[in-house]
Number of protein chains: 2
Amino acid sequence: MGASAGSAKTGRSAKVGRPAKDSREKDAREAILDVAEERFAKHGFHGVTVREVASAAHVNTALIHYYFNSKKELFDAVFMRRAETINRDRLDSMDAYEARLGDRVSVEGAIEAFLHPVLKRLHEGGEGWRNYFALVGLVNSTTAWGGEVMTRYFDPVIHRLIDLIARALPGASKQDLYWSYNFLSGSLTLSLAETGRIDRLSEGVCRSDDIPALEPRMIAYAAAGFRSVCVRSA
Amino acid sequence: MGASAGSAKTGRSAKVGRPAKDSREKDAREAILDVAEERFAKHGFHGVTVREVASAAHVNTALIHYYFNSKKELFDAVFMRRAETINRDRLDSMDAYEARLGDRVSVEGAIEAFLHPVLKRLHEGGEGWRNYFALVGLVNSTTAWGGEVMTRYFDPVIHRLIDLIARALPGASKQDLYWSYNFLSGSLTLSLAETGRIDRLSEGVCRSDDIPALEPRMIAYAAAGFRSVCVRSA
DNA sequence: AGGAAATTTAATCAGCCGCATAATTAATGC
DNA sequence: GCATTAATTATGCGGCTGATTAAATTTCCT
């Protein structure tokens with residue numbers, strides 16, 4: 001018994017086995033990650049099946065387990081793939097800003113240095129980055145394990161921002177700074193998710209994918225917010 | 001054949017059948033909604049099984065379908081149960097504020113009237129309300145169908161807020177107002193989710209369930225943000 | 001009292017889930 | 001050139017999922 005399929009001794013069978021090197025357009029692994037990224041972002045971890053991912057990526061389900069061992073590890077791989085890139089972007093951006101301004105850093109400048117790398121990728125990075133950020137937004141507001149994952153990956157970048165702002169707002173209390181960051185984080189998260197909510201709410205006056213409209217407003221809004229919260233206690 | 005279980009002709013069996021109207025502590029239906037609310041908020045729609053809900057509510061799975069027809073309709077019932085209460089709370093709050101201030105409304109006052117009913121329930125409403133708001137936060141940043149659901153239920157309240165703020169900031173453009181609201185919405189959503197993120201990030205300096213610390217800061221932050229975004233164009 | 005309606009359970013179904021194993025084919029190293 | 005390794009598919013297993021059905025028990029209405 002077993003799986004001895006009475007298959008192709010007759011020359012050309014279905015495309016089983018390792019593919020010819022030049023016959024492949026991309027990497028199957030990358031295709032899996034791309035599809036998984038899109039689906040996880042749209043429906044969450046539990047809303048996606050590995051069969052669905054496999055089918056959309058035109059591979060067999062077993063290949064997913066071959067590369068990633070389990071569904072959970074596939075998810076982690078998706079989350080990690082772009083995390084380092086964007087983290088380095090942001091740290092570099094803030095380093096450059098500080099090097100340029102010395103201790104004449106401003107709240108606006110710090111927030112812009114923090115936000116711009118993300119918004120730039122969101123605007124110009126193509127569908128992959130858009131899906132990735134939607135996923136980050138989803139994870140960030142997921143009670144169960146969302147908080148931990150975000151902490152592990154993004155805390156260093158955030159502390160860098162808070163240090164910068166603290167220098168621009170001497171005397172600000174830690175509590176005020178962290179609460180303010182939390183509000184900024186929520187605004188950013190919702191914008192990254194691009195749920196189309198603002199489109200409907202505004203009946204077309206605003207479009208959630210209009211990054212050039214979003215960016216200056218978010219910077220102005222957050223900077224004013226930080227100042228208002230952090231200054232009255234100083 | 002069928003299910004002819006050789007059961008209790010011996011007098012007192014398990015508590016099967018229609019319960020005495022006054023003998024019930026609560027309603028089985030309510031128990032189901034409470035459990036479902038908690039689970040959906042924590043794990044999302046797809047992360048919960050009806051068996052799990054039934055078991056935690058100490059009822060049979062079929063009872064859930066008896067009351068709610070399907071898992072999806074159970075979810076909708078959970079979402080609807082408190083929506084009307086909180087909507088009326090907020091509309092009343094804003095009406096009262098406007099009646100009191102006439103056209104001397106302020107941005108801070110409008111935002112406080114909008115936020116306070118929610119934060120009060122979050123603070124004093126018990127576990128049920130806490131779970132409910134976490135669910136709202138989750139739905140709000142869920143790309144797939146989150147936006148639509150939110151639109152249907154919460155748009156009237158939001159338009160009421162925007163009208164109030166527009167009166168406090170004459171000359172503000174619709175676009176600026178809607179973008180600003182979006183930022184406020186993100187801040188609120190993340191705070192409602194109470195993921196514990198800020199607790200870890202601040203290493204205990206802030207606690208996500210510390211509503212008395214959150215409320216004045218969120219009002220100050222949002223009001224300053226609105227003003228900053230909406231004024232420079234006027 | 002006695003039938004109608006409401007509430008609850010046990011049992012079951014068809015289908016999908018994540019995952020594992022073995023087979024198959026191409027590339028690579030000695 | 002032959003053995004090893006890498007990449008891929010076919011097949012299938014055990015378990016769980018949402019939903020259904022028929023029956024059992026209880027209360028309500030007249």
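No experiment lies behind these values; they were computed from the predicted model shown. Letters go in sequence order (proteins before strands), and every chain restarts at 1. Note that these values count all heavy atoms, side chains included, but never hydrogens, waters or copies made by symmetry.
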Report which part of the nucleic acid Tyr66(A) touches: base, sugar-phosphate, or nothing (heavy-atom distance under 4.0 Å, all strands). base
Just the rounded figure in Å: distance from C1' of dT20(D) to CD of Glu73(B). 15 Å
Under the rule for side-chain contact (heavy atoms from CB on, under 4.5 Å), what residues qualify as partners of Ala213(B), not counting sequence neighbours? Gln175(A), Trp179(A), Asp210(B), Arg217(B)
Would you mind reading off the distance between Asn60(A) atom CG and dT21(C) atom P, rounded to a whole angstrom? 15 Å
Using whole Å, report how far NE2 of His65(A) lies from C1' of dG18(C). 5 Å
Between Lys120(B) and Glu215(B), is there a salt bridge with N-O shorter than 4.0 Å? no
Spacing between Leu63(B) atom CG and dT9(C) atom C1', to the nearest angstrom: 9 Å
Inspect the surroundings of CD in Glu84(A) and state if more than 12 heavy atoms from other residues, nucleotides or ligands are less than 6.0 Å away. no
Do any pairs count as a salt bridge (Lys or Arg N to Asp or Glu O under 4.0 Å) and have a residue in residues 62-75 of chain B, sequence neighbours left out, and if so which ones? Lys72(B)-Asp76(B)
Classify the nucleic acid contact of Thr61(A) as base, sugar-phosphate or nothing, counting any heavy atom under 4.0 Å across all strands shown. base
Any side-chain heavy atom of His65(A) sitting closer than 4.5 Å to one from Val50(A)? yes
Can you tell me the distance, in whole Å, between the CZ atom of Phe68(A) and the P atom of dT8(D)? 11 Å
Specify the closest pair of heavy atoms between Tyr221(A) and Tyr221(B), including all atoms of both residues, with the distance to one decimal. CE2-CE2, 3.7 Å
Could you pull out the protein-nucleic contacts involving nucleotides 15-17 of chain C (nitrogen or oxygen on both sides, under 3.5 Å)?
none

Mind calculating the distance between CZ (Arg29(A)) and P (dA7(D)) to the nearest angstrom? 10 Å
To the nearest Å, give me how far apart CG (Asn69(A)) and P (dA20(C)) are. 8 Å
Of all the choices, dT9(C), dA7(D), dT7(C), which nucleotide is nearest to the side chain of Tyr67(B) once you look at every atom? dT7(C)
Roughly how many Å is it from CG in Leu74(A) to C1' in dC19(C), rounded to a whole number? 14 Å
To the nearest 0.5 Å, what is the distance between CZ (Arg130(B)) and CG (Asp209(B))? 7.5 Å
